[in-house]
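Take a look at the structure set out below.
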Amino acid sequence: MLAKVQRALELAEKLGAEEAEAFASDNLAVTIRIASNRIVETKQVQDSGIGLCAAIKKKIGFSSDNELTQELVRRSISIARARPPNPKFNGFPSPRKASKVADIYDPNLAAISRSRIVELAEEMLQAALDFDNRIIEASGAINLVVERCAVANTNGVQAVDATTKIFGHLTAESQGLERGEGQGWMGSNALKNFRPTLIGEEAAEFAIKSLMARRVQPGSYDVVLEPNAAAELLYHVLSYAINGKDAYEKISYFSSRLGQTVASESLNVADWGNMPSGLYSKTIDDEGSPTQKTSLIEKGKLIGFIYDWYYGGLAGRKSTGNGFRLGDFGRSYQLSPTPYISNLVVQPGKSELEELMEDIRTGLLLSRIWYTYPITPQVGDFSTTSRCGFLISRGEVNGAIKQVRIHENLPRLLKRLDGIGKEARQIIPWGASAAVCTPALKFRGVRVS
C-alpha cells in the first residue's frame, strides 16, 4: 500500500498539486450475530481503497475510490481548483518517527477463519445458557476488525500501520416472577486473550442478580458507576469536551477552561493512543503523526485537548496524533482526518468496590447504562438510563432496581467525584469508535428520576 500512496503523490504533483496527502486502507470486518439463542447471521466485509487530498494555493480538493487511477487524481485537482481558498489551511504534517506499539496486531487473529469465530460465538452463547436454568434467552454478537493502512504526503511522511481486535457482547434474559436482564462484554487485540465464555457467564450472572428488581423513589443519590457504566458516560459526554475541534468551535463546555480546575483533584484523564494492548491503539494516526499519551486532566485541572494537524495549527499547538478517518469498518480511505480520541484512560485510584460503597447510607450501584447522550453540549447537560442497577443500603448491595433515568450535568458531577476504584477495565461503549479504560467512579448527589 505504501507504493500506492507514493504513486498517488507523484501523479498529483505531475498534474499541478503544490501539496498532497494520500491515504490507503484495507479493512476486514466480520460479525457473527446471535438472537433468540441461536446464530442468525454471519457477515464479512472487505473494504479497501485510496483517498487523495490535493492543495493548490490553499484551495483543497479531496477524492477517493477503490483503486488508484489518473481519473481519481484529476478529480482531486479539479475540486481544488474550483474551490475558494481556505486561509487557515496549514499544510500537511512533517515527518516524525513513530515507535512500535506493543501487542496491537496479532497475526493469528488476522488469519482466523470465519468458522472459528462462529465457534467462539457458540461458546459465548452456551456459557450463558448453562449458567443457570433461569436463563431463558440470549442475544449479542462477536466482531472481528483487521485494519491496515498507509499514508504519505509531499512533506516526506511515509508510514504504514496494522491493528487487530476482536470483541463480543451478550445480553441474557432471566425468568423469575418477573424478567431480569444482564450484559457481558470483552475485547482483545489478541486471540489468546479473548475468552468468550467469560462474556456469557458475566451476562448470565447479572441477569440472575437483576431478578426481583424494585422501584426507587426519585431524588438525590450517591451513585457508583462500575467500569462499563463509567465508560459509557465518559465516551458520550466527556470525549467531545476534550476534543480540540469542538473546543475551537465552542461546542465543548471546556472551550474556555484550559488551565482551570474542572473536576475533583483525584481525577486524572489522558488519551493514550500508543497504550500497549489498547483496543484503539495505533502506531500512527491517519495523517502519519505518531500516536502518544496526551494528558488532558491532571489533579482535576484541564491541561490539554486532543488535536489533529489542522486543529492543532489553529490552536497554535502540535498534533497529538489524533487525526483519524473513522468509517463504518475502521480507518477509512473515503474520509478526511478529524480529531478523535483513541483510548480515553482514567487513572485508577486505591479503592476496592466495597470501599467505594461502605459510607453510602442509601445509594445506587449502576453496572450498565444506555441511551446516554448530551442534551445541551455547550454546558454538559446529559441524560442516561440505567440498564442494570442495584440499591446500596448502609454500604452494601441490597437487591436489584428497576430502570432509573438520570438528568445531570457532567461538569457538576466531575466536581462531585468522591472515589475512584483500583481496577480499570477496557471497554468499547455501544456504537463507539474509541475505547475507554476506566475503573469504577463514585459521585455524590446525583439527580435520579
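What you see below is based on every heavy atom in this structure, not just the backbone, and it leaves out hydrogens, waters and symmetry mates.
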Inset, instruction - Report the residue from Asn243, Asp271, Asp285 that forms a side-chain hydrogen bond (donor to acceptor under 3.5 Å, both in side chains) with Asn322. - result: Asp271

Inset, instruction - Check the pair Thr163, Glu147 against side-chain hydrogen bond (donor to acceptor under 3.5 Å, both in side chains), reporting the backbone distance first and the verdict last. - result: CA-CA 5 Å; Thr163 62; Glu147 299 176 314; 2.8 Å; yes

Inset, instruction - Determine the minimum heavy-atom distance between Tyr340 and Ala434, stating which atoms define it. - result: CE2-CB, 4.2 Å

Inset, instruction - Evaluate the criterion side-chain hydrogen bond (donor to acceptor under 3.5 Å, both in side chains) for residue pair Arg416 and Ser264; output intermediate values, then yes/no. - result: CA-CA 7 Å; Arg416 289 174 172 263; Ser264 161; over 6 Å; no

Inset, instruction - Could you pull out all residues at least two apart from Glu358 that satisfy side-chain contact (heavy atoms from CB on, under 4.5 Å)? - result: Glu355

Inset, instruction - Please work out which of the three classes, parallel, tilted or perpendicular, describes the rings of Tyr248 and Tyr311, given edges at 30° and 60°. - result: perpendicular

Legend entry - Neighbour count above 12 (heavy atom, 6.0 Å) for Glu423 CD: no

Legend entry - Residues Gln334 and Ser64: side-chain donor-acceptor under 3.5 angstrom: no

Legend entry - Electrostatic pair Arg444:Asp222 at N-O distance under 4.0 angstrom: yes

Inset, instruction - Report yes if some heavy atom in the side chain of Leu120 is under 4.5 Å from a heavy atom in the side chain of Ile112; otherwise report no. - result: yes

Inset, instruction - Measure from NZ or CZ of Lys282 to the centre of the six-membered ring of Tyr105, then state whether that distance is under 6.0 Å and the direction lies within 45° of the axis. - result: no

Inset, instruction - Measure across Ala172 and Ile135 and return the closest heavy-atom pair with its distance rounded to 0.1 Å. - result: CB-CG2, 4.3 Å

Inset, instruction - Kindly check if the number of other-residue, nucleotide or ligand heavy atoms within 6.0 Å of CD (Gln46) is above 12? - result: yes

Inset, instruction - For salt bridge (Lys or Arg N to Asp or Glu O under 4.0 Å), just list the numbers for Arg116 and Glu122, CA-CA rounded to whole Å, side-chain angles, deciding distance to a tenth of an Å, and then say yes or no. - result: CA-CA 10 Å; Arg116 178 59 184 138; Glu122 290 171 340; over 6 Å; no

Legend entry - Side chains of Val224 and Leu364 in contact at under 4.5 Å (non-hydrogen atoms): no

Legend entry - Atom CH2 of Trp430 with >12 non-hydrogen neighbours under 6.0 angstrom: no

Legend entry - Minimum heavy-atom distance between Ala230 and Pro439, given as atom pair plus value: CB-O, 4.0 Å

Legend entry - Separation of Leu170 CG from Met124 CE (nearest 0.5 Å): 4.5 Å

Legend entry - Side chain to side chain, Val30 and Leu28, heavy atoms closer than 4.5 Å: yes

Legend entry - Sidechain N-carboxylate O distance under 4.0 Å for Asp359, Lys442: yes

Legend entry - Distance-only polar pair, side chains of Ser289 and Glu287, donor-acceptor under 3.5 Å: no

Inset, instruction - State whether the side chain of Thr438 and the backbone N or O of Ala231 hold a donor-acceptor pair below 3.5 Å, judged by distance alone. - result: no

Legend entry - Gap between atom CD1 of Ile32 and atom CG of Asn143 - 0.5 Å precision: 9.0 Å

Inset, instruction - Please round to the nearest 0.5 Å and tell me the distance separating atom OG of Ser295 and atom CD1 of Ile242. - result: 12.0 Å

Inset, instruction - Please determine if Glu226 and Arg425 form a salt bridge, counting it only when a charged side-chain N lies under 4.0 Å from a carboxylate O. - result: no

Legend entry - Whether over 12 other heavy atoms sit under 6.0 Å from Arg214 CZ: yes

Inset, instruction - Might you confirm whether atom NZ of Lys4 has over 12 heavy atoms from other residues, nucleotides or ligands at distances under 6.0 Å? - result: yes

Legend entry - Rounded distance (nearest 0.5 Å) linking atom CG of Asp130 with atom CG of Asn133: 11.0 Å

Legend entry - Lys NZ or Arg CZ of Arg368 over Phe206 ring: under 6.0 Å, within 45°: yes

Legend entry - Beyond-backbone contact of Ile142 with Phe194, side-chain heavy atoms, under 4.5 angstrom: yes

Legend entry - Minimum side-chain heavy-atom gap Phe305-Thr320 below 4.5 Å: no

Legend entry - Electrostatic pair Arg331:Asp161 at N-O distance under 4.0 angstrom: yes

Legend entry - Spacing of Glu232 atom CD and Thr385 atom OG1 [to the nearest 0.5 Å]: 10.0 Å

Inset, instruction - May I ask you to decide if Thr283's main-chain N or O and Thr291's side chain share a donor-acceptor pair within less than 3.5 Å? - result: yes

Inset, instruction - Evaluate whether atom CD of Glu178 has more than 12 neighbouring non-hydrogen atoms of other residues, nucleotides or ligands under 6.0 angstrom away. - result: no

Inset, instruction - Verify the distance criterion only: is there a donor paired with an acceptor across the side chains of Glu173 and Gln175 at less than 3.5 Å? - result: no

Legend entry - Lys301/Glu298 ion pair, N-O < 4.0 Å: no

Inset, instruction - Kindly indicate whether the side chain of Ser25, heavy atoms from C-beta on, has any atom under 4.5 Å from the side chain of Tyr333. - result: yes

Inset, instruction - Report yes or no: does Glu265 contribute a side-chain atom to a donor-acceptor pair with the main-chain N or O of Thr261 at less than 3.5 Å? - result: no

Legend entry - Check: Trp185 main-chain N/O paired with Glu202 side-chain donor or acceptor under 3.5 Å: yes

Inset, instruction - Mark yes or no for whether Ser255, through its side chain, and Ala247, through its backbone, hold a donor-acceptor pair below 3.5 Å. - result: yes

Legend entry - Any side-chain heavy-atom pair of Val146 and Asn27 under 4.5 Å: no

Can you give the donor-acceptor pairs under 3.5 Å from side chains of residues 371-382 to other protein atoms, not counting sequence neighbours?
unit_1, atom_1, unit_2, atom_2, d
Thr372, OG1, Thr384, OG1, 2.6
Asp381, OD1, Asn409, ND2, 2.9

Inset, instruction - Check step by step if side-chain hydrogen bond (donor to acceptor under 3.5 Å, both in side chains) holds for Ser281 and Asn343. - result: CA-CA 7 Å; Ser281 290; Asn343 305 296; 2.9 Å; yes

Inset, instruction - Please list, chain by chain and in numerical order, all residues satisfying side-chain hydrogen bond (donor to acceptor under 3.5 Å, both in side chains) with Tyr310, sequence neighbours excluded. - result: Asn86

Legend entry - Spatial distance of atom OG (Ser210) from atom CZ (Phe390) [nearest 0.5 Å]: 4.5 Å

Legend entry - Residues, nucleotides or ligands: over 12 heavy atoms within 6.0 Å of Lys43 NZ: no

Inset, instruction - Kindly write out the residues that satisfy side-chain hydrogen bond (donor to acceptor under 3.5 Å, both in side chains) with Asp106, not counting sequence neighbours, or none if the list is empty. - result: none

Legend entry - Set of side-chain hydrogen bond (donor to acceptor under 3.5 Å, both in side chains) partners for Asp308, sequence neighbours left out: none

Inset, instruction - Ignoring hydrogens and angles, tell me if any N or O in the side chain of Ser449 forms a donor-acceptor pair with the backbone of Arg405 under 3.5 Å. - result: yes

Legend entry - Side chain to side chain, Ile369 and Leu233, heavy atoms closer than 4.5 Å: yes

Legend entry - Salt bridge Glu41-Arg114, side-chain N to carboxylate O under 4.0 Å: no

Legend entry - Set of side-chain hydrogen bond (donor to acceptor under 3.5 Å, both in side chains) partners for Arg195, sequence neighbours left out: none

Inset, instruction - Please determine if Arg325 forms a cation-pi arrangement with Phe23, meaning its NZ or CZ atom is less than 6.0 Å from the six-membered ring centre and no more than 45° off the ring axis. - result: yes

